[in-house]
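The next block holds one structure in the form of structure tokens; read it before the comments.
Only heavy atoms go into these numbers, but all of them, side chains included; no hydrogens, no water, no symmetry mates.
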Amino acid sequence: MQQALRLARQAESEGEVPVGAVIVLDDTIIGEGWNRPIKSADATAHAEIQALRMACTKVNNYRIPGATMYVTLEPCLMCAGALIHARLQTLVYGADEPKTGAAGSNIDAFQLANLNHRVKVEGGILAEECSLLLKQFFKSRR
């Protein structure tokens, strides 16, 4: 999660909402990403999607079973869907996102009844630090 926080700070330095994500497989980082939708003019360029793209390219497969993602903010519905399709094993996130969070805060996409894959979810890891980074970013924008 510390690496995800470093990547979130990278996003912030680029004027993006400070969210960072890291994917680990067999104790090795295979994907990293930070928010870049503004800079890339791409609504899908969330940290989780950036990390998924890198990880899937690295393993040369659109599925990454056995992998764990660490992300500083609870994923949105788009990102949750991508994680499910990628067959991610575990999601570990920091701060809850009450407006758009799709891991239980607003909706729990990972528990939809008809899905054929389940992602293990653990939230609240370094939540205070992750949340503070976001709060400071938005306070500076007001």
Test item: [X] side-chain N/O and [Y] main-chain N/O as donor-acceptor pair under 3.5 Å:
X: H46; Y: G33; value: no
X: D96; Y: P98; value: no
X: N35; Y: A47; value: yes

Under 4.5 Å between any side-chain heavy atoms of [X] and [Y], yes or no?
X: S105; Y: E74; result: yes
X: K58; Y: N60; result: no
X: N106; Y: E97; result: no
X: Y93; Y: T72; result: no
X: V71; Y: P75; result: yes
X: T100; Y: L77; result: no
X: T68; Y: I23; result: no
X: L83; Y: L52; result: yes

What heavy-atom pair brings [X] and [Y] nearest, and what distance separates the two atoms?
X: A80; Y: A109; value: CB-CB, 3.9 Å
X: A43; Y: M78; value: O-CE, 4.0 Å
X: R63; Y: V59; value: O-CG2, 4.2 Å
X: A45; Y: P37; value: O-CD, 3.3 Å
X: A113; Y: R118; value: O-NH2, 3.5 Å
X: L134; Y: A95; value: CD1-CB, 4.4 Å

Exercise. With sequence neighbours excluded, tell me which residues meet salt bridge (charged side-chain N to carboxylate O under 4.0 Å, His left out) with R87.
Key: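 In terms of salt bridge (charged side-chain N to carboxylate O under 4.0 Å, His left out), with neighbours along the sequence ignored, R87 is linked to no residue.
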
State the [atom1]-[atom2] distance between [X] and [Y], to the nearest 0.5 angstrom.
X: K120; Y: Q89; atom1: NZ; atom2: CD; answer: 4.5 Å
X: C79; Y: L91; atom1: SG; atom2: CG; answer: 10.0 Å
X: M69; Y: E48; atom1: CE; atom2: CD; answer: 6.0 Å
X: I30; Y: D26; atom1: CD1; atom2: CG; answer: 8.5 Å

Exercise. Tell me, with the steps shown, if Q2 and R6 meet side-chain contact (heavy atoms from CB on, under 4.5 Å).
Key: CA-CA 6 Å; Q2 290 296 337; R6 281 190 279 282; 4.0 Å; yes

Contacts of [X] that satisfy side chain to side chain donor-acceptor pair (under 3.5 Å) - sequence neighbours left out:
X: N61; result: none
X: E12; result: none
X: T44; result: D42, R53

Self-check item: Step-by-step salt bridge (Lys or Arg N to Asp or Glu O under 4.0 Å) determination, K39 to E16
Solution: CA-CA 8 Å; K39 188 169 188 157; E16 303 277 358; over 6 Å; no

Practice problem: Kindly state each residue pair satisfying side chain to side chain donor-acceptor pair (under 3.5 Å) with at least one member in residues 124-141, sequence neighbours excluded. | Solution: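 Applying side chain to side chain donor-acceptor pair (under 3.5 Å) to every pair that reaches into residues 124-141, excluding sequence neighbours, yields R9-E129.
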
Quiz prompt | Side-chain hydrophobic cluster, 4.5 Å single linkage: members besides L7 | solution =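 So far as hydrophobic clustering goes, L7 is joined with M1, L5, V22, V24, I29, W34, Y70, V92, I125, L126, L133.
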
Exercise. Treat each ILVMFWY residue as a node, draw an edge where side-chain heavy atoms are under 4.5 Å apart, and state whether I64 and L25 are in one component.
Key: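 As far as the 4.5 Å side-chain criterion goes, L25 and I64 are connected within one cluster.
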
Practice problem: Could you state whether I49 and I38 fall into the same hydrophobic cluster, counting links through intermediate Ile, Leu, Val, Met, Phe, Trp or Tyr residues with side-chain heavy atoms under 4.5 angstrom apart? | Solution: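 No; tracing contacts between hydrophobic side chains, which count when under 4.5 Å, never links both residues.
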
Exercise. Show your reasoning for whether side-chain contact (heavy atoms from CB on, under 4.5 Å) applies to C130 and L73.
Key: CA-CA 7 Å; C130 294; L73 183 64; over 6 Å; no

Exercise. Decide if atom NE2 of H117 counts as having more than 12 heavy atoms of other residues, nucleotides or ligands within a radius under 6.0 Å.
Key: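 Atom NE2 in H117 is packed in, count exceeds 12.
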
